[in-house]
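Everything below concerns the one structure shown next.
Naming convention: chains lettered A, B, ... in sequence-line order (proteins, then strands); numbering from 1 in each chain.
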Protein chains: 2
Amino acid sequence: MNPSTANIEEAILSAILAGRINPGTRLGEQKLADLFGVSRTRVREAMMRLETRGIVQVSARRGWFVIEPSAEEAREAFQTRRVIETGLLQTLRRVPPEVVRSLKEHVAFEREAIDAGDVQSRACLLGDFHIHLADALGNRLLTEIIRDLTARTTLISMLYQPTEKAEESSHDHGDIVAALETGDIETAARLMDEHIAKVEAGLDLTAKPDPLAGLRELLTPSTFAGAPPSIPSPNPPLGRAPSGRRPAAPRAHRHSSRKED
Amino acid sequence: MNPSTANIEEAILSAILAGRINPGTRLGEQKLADLFGVSRTRVREAMMRLETRGIVQVSARRGWFVIEPSAEEAREAFQTRRVIETGLLQTLRRVPPEVVRSLKEHVAFEREAIDAGDVQSRACLLGDFHIHLADALGNRLLTEIIRDLTARTTLISMLYQPTEKAEESSHDHGDIVAALETGDIETAARLMDEHIAKVEAGLDLTAKPDPLAGLRELLTPSTFAGAPPSIPSPNPPLGRAPSGRRPAAPRAHRHSSRKED
DNA sequence: CTTACAACACTTGTATACAAGTTTGTGAGC
DNA sequence: GCTCACAAACTTGTATACAAGTGTTGTAAG
């Protein structure tokens, strides 16, 4: 089968929603072209579409990178989600019983994944809850918008969230569904607002994302004996670059390895 | 200067927001490339970006067309706007005085354009009101979303609106601003909901958009003697001024479906 | 040992050529 | 006169070649 640009787009987006692709990841055109068995042209199309959806960014002649939202952009994304999702709930006059059932089922799946410790499924399901909720309105346009926003906030969480609070989120989801079941839309909207605000508050937006995070992650887990004694450690809050942020290069600048022994 | 893809994108989008480009207009790659003095590649990029934003659609090997939303899609677009814009207002806790002043000024401009009979400015300003309002939050992401949605509903209005009710819309805008000025956010949100609902209700979504509208429009205004006796005109008269300017794509070339006779 | 510099490999940006499909125009046959 | 078949013109789809930068690395001077 010959993957279309939509396939490529979708593959990347769902990988992001599932948390398999980190923010800042470089997505080389040629690599992707080889991977999907098409020419660069198609990959480029997909990347440009993803760029207009706010998922990736291009750095001129350096490559395509999964976005690394700044603190300001993170705030905007969460505010946008609060605006849209509370507005959505308030528009929902009544929730059909089968939708409630479907949502309850979804929350049950969340719990399952959490209990099983399945990190991948867990992240995917937690984001999917909001998409499913949007589906309740049956508005494809709105669902699409929320889907893109969810991808964005998922990436933000990966950048700034010190610890995942999956259980708490799932609990919130359960409360929202419960309110919907009793028909108390107003409460559901309030709970949603608080839920999103809570997720945002759980982030550490003051901490500049570590430009070496990718490398560090690649190196630390391999705890075999031959590894260097200690990676310098997640540094204390270092001063932020004053003028503009550079799209973090995935590879280290140069290893001025002054290791002290 | 060499127009970038963003320039092309923006040129087309603002032409749509200003009502200079009708839904269904064909946008040929080569024509646009010649017009902007670039190769097809750049035009293609711009079109694909606009496609992901829901502004144009491609019909395989036939061309790019400005979207002609179906009745169902129209409903979705208006519902989405209601959800987002009421949500936005409710998020707005207080409105800074200078924003209120700016909005009042904007409404004054609307009135001016309406009184002057400037159809082009009028349509542009009426849509721009909502974009300005979104600006009040200072959330660029949300503003961008609303901008795209406004483009979409502008096109829908061109397709389905039998008569423009510019004065009424501008009046509604004034009421909303007045409510904001007194700090009565709740009322502002309600007014906005009613306003958008009213605009939607003013459409005739039951009427299938005339696939020959473009052609008919091009032919009817020329009321010279030698013209064919009468264009069949299956629909009640649509009174759109010819405004003999030529759009970006000179040919309004429609895919003619089967005609009833 | 550090630093400056130049060459190199690699990536995206853009145009162009050709393939594939659609619409339009033309003429033969009835 | 009308319909149908077929060819020509035109349009988008896709790949490829080359141009233009960017970051890295090797090397030599201080």
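The CZ atom of B:Phe36 sits 14 Å away from the P atom of C:dA15 (whole-angstrom rounding). In this structure, B:Phe65 atom CZ and C:dT23 atom P are separated by 9 Å, rounded to whole Å. What separates CZ of B:Arg42 from C1' of C:dT16 is a distance of 15 Å, to the nearest Å. Between B:Arg61 atom CZ and D:dT12 atom C1' there is a gap of 6 Å when expressed in whole angstrom units. Nucleotide C:dC10 holds its P atom 16 Å from the CD atom of A:Glu29, rounded to whole Å.
A salt bridge links B:Glu200 to B:Arg82: at least one charged side-chain nitrogen sits closer than 4.0 Å to a carboxylate oxygen. Salt bridge annotation for B:Arg62-B:Glu29: absent, with no cationic side-chain nitrogen under 4.0 angstrom from a carboxylate oxygen.
Every salt bridge (Lys or Arg N to Asp or Glu O under 4.0 Å) that B:Arg81 has, sequence neighbours left out, goes to B:Glu85. Residues satisfying the side chain to side chain contact (heavy atoms under 4.5 Å, CB included) test with B:Asp128, not counting sequence neighbours, are B:His106, B:Ile131, B:His132. Scanning for salt bridge (Lys or Arg N to Asp or Glu O under 4.0 Å) contacts around B:Arg152 gives an empty result, with sequence neighbours left out. With sequence neighbours excluded, no residue forms a side-chain hydrogen bond (donor to acceptor under 3.5 Å, both in side chains) with A:Thr150. When the salt bridge (Lys or Arg N to Asp or Glu O under 4.0 Å) test is applied to B:Arg53, the partners found at least two apart in sequence or on another chain are B:Glu9, B:Glu144, B:Asp148. For A:Arg75, the salt bridge (Lys or Arg N to Asp or Glu O under 4.0 Å) criterion is met by A:Glu72, not counting sequence neighbours. Evaluation of the side chain to side chain contact (heavy atoms under 4.5 Å, CB included) rule for B:Val58 yields B:Glu51, B:Trp64 as partners, not counting sequence neighbours.
Residue A:Arg44 has no polar side-chain atom (N or O) positioned under 4.0 Å from OP1 or OP2 of C:dT12. One finds no side-chain N or O of A:Arg62 lying less than 4.0 angstrom from the OP1 or OP2 phosphate oxygen of D:dG21. The side chain of A:Arg26 places an N or O atom within less than 4.0 Å of a non-bridging phosphate oxygen (OP1 or OP2) of C:dT11.
Using a 4.0 Å heavy-atom cutoff across all strands shown, A:Val58 reaches sugar-phosphate atoms only and no base atom.
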Show the distances under 3.5 angstrom between N or O atoms of the protein and N or O atoms of nucleotides 5-9 of chain C.
none

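With D:dT16, D:dG13, D:dA20 as the choices, the nucleotide that has an atom nearest any side-chain atom of B:Trp64 turns out to be D:dG13. Side-chain atoms of A:Thr41 lie closest to D:dA15 of the nucleotides C:dT16, D:dA15, D:dG13.
Taking only distance into account, the side chain of B:Arg40 meets the base of D:dG13 through a donor-acceptor pair shorter than 3.5 Å.
Within residues 45-54 of chain A, no residue has a heavy atom under 4.0 Å from DNA chain C.
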